[in-house]
Asker: 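Got a structure here, written out as structure tokens. Questions coming.
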Amino acid sequence: MKVLEVKQLTKTFGKVQALDGVDLAVNKGEVYGFIGPNGAGKSTTIRILLGLLKPTSGFARLFGKDAWEDAVAIHKRIAYVPGDVNLWPNLTGGEVIDLFLKMRGVRVDQSRKARLMEQFDFDPTKKCRTYSKGNRQKVALIAAFAADADLYILDEPTSGLDPLMERVFQQCVYEAKKKGSSVLLSSHILSEVERLCDRVAIIRQGEIIESGSLASLRHLTRIQLTIATKEVVPDLDSQPGVHDFKIENQHYVFQVDADQLDEMVRYVSQYGVVNLESAPPTLEDLFMRHYQGSTSGGGGQ
Amino acid sequence: MANQPNYQTGLIFRFLFKREVVKLLVWIVPIVAMTVTIALAFNGLYETQEERQALAETMENPAMKALVGQGYGLDNYTDGAMLAHQMLLMTAVVVAIMSMLLIVRLTRADEEDGQLEMLRALPMGRLAQTNAALFVLVITNIVLMLITAVSLTALGLDSIDWAGSLLYGSVLGTTGLFFGAITLLAAQLSDNTRGTMMLGYLVLGLSYMIRSIGDSGNELLSWFSPLGILLGSEVYVNNYWWPILVIVLLAIIIIALALYLQQIRDVGAGLLPQRSGRKAASPMLQSQIGLALRLLRTSLIAWIIGMMLIGISYGSVLGDLEAFLGESEALMEIIGASGDMSITEQFISVLLKIMAIFSTIPALVVFVRLKGEEKKGRLEHLLAKPVSRKKMLGTYLGLSFLTSIVMMLAGIIALAGIGVTVMDVDISFNTLVEAQLVYLPAVWILIGFATALYGWCYKWSGFIWLYLLFSFLTVYLGDLLDLPSFILGLSPYYHIPELPTDQLSWVVMVVATGMALLLSLLGFLGFQRRDIET
């Protein structure tokens, strides 16, 4: 069942084309990663999902309802954490959290709220003007996770948090997922996305350029190999699918396209393999390749 | 389920109201207190009908009409008519500014700072915040209206009855509603707070100016200004209610349009097109003074135009003033005034004082911008670079001094230029310019005072506006209320010799300039010592 569905979404600001036919779909109980460079259109997409911006064309549906038309009904079932939390300087953090929860109209589990404040090491009695960026972020996170939501929309939610707090955040996402909630997580912290997300979409210049499970995305990429052999392997650097070839400490270090791996292993095994280390590509490798533009398009198709 | 644009309006209203209630009382209480005090003062000062009739005489004067509006009920001049003439327009402008600031705070400012985004991501109707802001606006103005009406009636003065007082309050409240509505519409057009306020002030300024030119000459013109229409209610004399109806209706139409626009537009966006800017900083921008000038560019241009318009509208009055004095020459002689020249000059000197105070505003705006930069945390960026605090403060202070000169010149050149063409009295262009420029040291004292406040007590630096307001009131009401000279003397403008009647006193000029420099120096000392606020 699809909790969130976006089809051929476009948005233009004046002459600027911010989104150019974005497709997204998040299933129930899924944690969906949404990554892309600055200005690629992540926040624009999210703000359309929230009914804050009106799409130029295409549609965005949450729970089968239109994001713009049925904003109120949709918002009763979601929780949103932006990457830049702006609060009222003369209210305390505790007051803002209560206001947000009151407006969501959900039953608030007070002990859960208290526990979250403790876990996030958050002092709710201070005025918002005195909070650092990380602390303002905590206000939005606590308000989001203190009550259940069917869908959490998180736009770089951990920007400004220290690594300890980031771990608390990840725990919150795990728990939400366990309860069957869905999460749309936009983030630049790729290790976080890697750890939390079931599926990932990569957006660049207003277009989704890649999407799928991490495993399937990895399949499309290159594997880092470090090999030592008894005999010299002739012409290794000119074998099909080999990239970035170099020799370090009598080891061959190179990348190979995932679909050429089998062929490659067969070839080197003739020369007596004494050591073989392979590293799966990290999301970062994936990301870098996509970000660096279409110029390096020679990889696995 | 359909779109529910009004969902949660109630909750947001309570939230906004709690935020605003103290601020609004800080506006409402002084406004009402001032009105009541002045009503009482008039009653005490002008006891006999003769004294009142003498004041009624001045209401025939086109310069007075330009300043405060048309006279009416002059045959039998009462305390009520006097109060409405002298105070209603000025108070209405204050109420308009209160309402404009209120609306911009609750709508565009929250949107610009990103709080609205947080709220709108919650189950909240698209119009909830705007609706709630409108409720706060309406309630504020109704409360102001009722308190004013009740307090004035409670004075128990003959001519200040309930019917008139209720209308008096209603004119104030309606002005607030109308300019609040204008600001709400402006908030849909501009995507930032400054632009919204500027559009609002533009409408307010034009309304005042059109009325001013209309009231002193072509009376038809006044009906094209909401302020002119509202003054047409002739409070305490004829008590016409139709102007209230007209303006309320207009306000409702404007509000409906604003709500419609609000509902169809993106959060954070304005409907006016945005130009894209330069790719790189021009050499001009790459200096302290260049940056400051760039930040202030739009408002400085707006102020120069504004000052020229004020100059033109007051200058055009001078011709009417001549005509008026010519007609009533006989009358003047019977009354035994010290000759009509002195009356012309007396009005000119009031106009010049008011112009001097107006040109103080942009000069202070320039200086206060430094505080704004500090508050928003942008000053940090600059001070983290090899820029000394002394240079930082010096830049804004220097610009502020310069602005005072430019603004004053813009205003007086327009006034004198128009004035000498329409007036055939032997006051020369140069005399007028000179008579205006002598006020510069007084303006500088205010700038110096602002610097000292900023240097030593950052939190209280807004106090400078109160001081300016006080100075304005002493000029505006000083003679009417017969205020003692030790109170008048608190305003620096009071000490400036009124040319050409008075002699130019270099001692006063030098002492005033010296005080301004001393206060500025004090500000530097404080600013070198204190923490930068974040």
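Reckoned from all heavy atoms, side chains included, excluding hydrogens, waters and symmetry mates. Chain identifiers are assigned alphabetically (A, B, ...) following the order of the sequence lines, protein sequences preceding nucleic acid strands; residue numbering begins at 1 within each chain. In this text the structure is predicted, and so the values were computed from the model without any measurement.
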Asker: Drop me the distance from A:N86's CG to B:E112's CD, to the nearest 0.5 angstrom.
Answerer: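 Rounded to the nearest 0.5 Å, the CG-CD separation comes out at 10.5 Å.
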Asker: Between A:P89 and B:Q115, is there a side-chain heavy-atom distance shorter than 4.5 Å?
Answerer: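 B:Q115 vs A:P89: side chains touch.
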Asker: Could you pull out the closest heavy-atom pair between A:Y80 and B:E117, with the gap in Å?
Answerer: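 For A:Y80 versus B:E117, the nearest heavy atoms are OH-OE2, 2.7 Å.
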Asker: Given heavy-atom pairs under 4.5 angstrom as the criterion, report whether the side chain, backbone, both or neither of A:I74 touches chain B.
Answerer: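 Neither part.
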Asker: Please report the closest heavy-atom contact between A:W68 and B:R126, naming both atoms and the distance.
Answerer: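 That would be O-NH2, 2.8 Å.
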Asker: Taking the side chain as C-beta and beyond, is there a heavy-atom pair between A:H75 and B:L122 under 4.5 Å?
Answerer: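 A side-chain contact is absent here, since even the closest heavy-atom pair is not under 4.5 Å.
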Asker: Can you establish whether the number of heavy atoms outside A:E118 located under 6.0 Å from its atom CD is more than 12?
Answerer: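 12 or below, so no.
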Asker: Tell me, for A:R77 versus chain B, whether the close heavy atoms (under 4.5 Å) come from the side chain, the backbone, both or neither.
Answerer: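 No part of A:R77 comes within 4.5 Å of chain B.
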Asker: Is it the case that more than 12 heavy atoms not belonging to A:K7 sit under 6.0 Å from its NZ atom?
Answerer: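 Not buried by this count: 12 neighbours or fewer within 6.0 Å.
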Asker: Can B:D266 and A:K11 be said to form a salt bridge (Lys or Arg N to Asp or Glu O under 4.0 Å), step by step?
Answerer: CA-CA 11 Å; B:D266 291 342; A:K11 176 72 185 174; 2.6 Å; yes
Asker: Anything in residues 15-27 of chain B with a heavy-atom distance to chain A below 4.5 Å? Please list those residues in order.
Answerer: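 Within residues 15-27 of chain B, the residues under 4.5 Å from chain A are B:F15, B:R19.
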Asker: Counting neighbours of CH2 on B:W465 that are heavy atoms of other residues, nucleotides or ligands and sit closer than 6.0 Å, is the number greater than 12?
Answerer: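 Yes - once you tally the heavy atoms of other residues, nucleotides and ligands closer than 6.0 Å, there are more than 12.
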Asker: With only heavy atoms counted, which part of B:I12 is less than 4.5 Å from chain A, the side chain, the backbone, both or neither?
Answerer: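 It is the side chain, since no backbone atom gets that close.
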Asker: Please say whether more than 12 non-hydrogen atoms of neighbouring residues, nucleotides or ligands are located less than 6.0 Å from CZ in A:F63.
Answerer: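 More than 12 heavy atoms, drawn from other residues, nucleotides or ligands, come within 6.0 Å of this atom.
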Asker: Quick check: are there more than 12 heavy atoms from other residues, nucleotides or ligands sitting under 6.0 Å from CZ of B:R194?
Answerer: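 Not buried by this count: 12 neighbours or fewer within 6.0 Å.
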Asker: Check whether more than 12 heavy atoms from other residues, nucleotides or ligands sit under 6.0 Å from atom OH of B:Y260, and answer yes or no.
Answerer: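 Not more than 12 within 6.0 Å, no.
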Asker: Mark yes when over 12 heavy atoms from residues, nucleotides or ligands other than A:K2 sit less than 6.0 Å from its NZ; otherwise mark no.
Answerer: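 At most 12 heavy atoms, drawn from other residues, nucleotides or ligands, come within 6.0 Å of this atom.
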Asker: Most heavy-atom pairs under 4.5 angstrom with chain A, which of B:A121, B:G114, B:P123?
Answerer: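 Ranked by contacts with chain A, first place is B:P123.
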Asker: Please name the pair of heavy atoms, one in A:P82 and one in B:M118, separated by the smallest distance, quoted to 0.1 Å.
Answerer: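 Looking at all heavy atoms of both residues, the closest pair is CG-SD, 3.2 Å.
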Asker: Just to be sure I understand the criterion: a residue of residues 90-104 of chain A counts if one of its heavy atoms is under 4.5 Å from a heavy atom of chain B. Which ones qualify?
Answerer: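 Interface residues of residues 90-104 of chain A: A:L91, A:L99, A:F100, A:K102, A:M103, A:R104.
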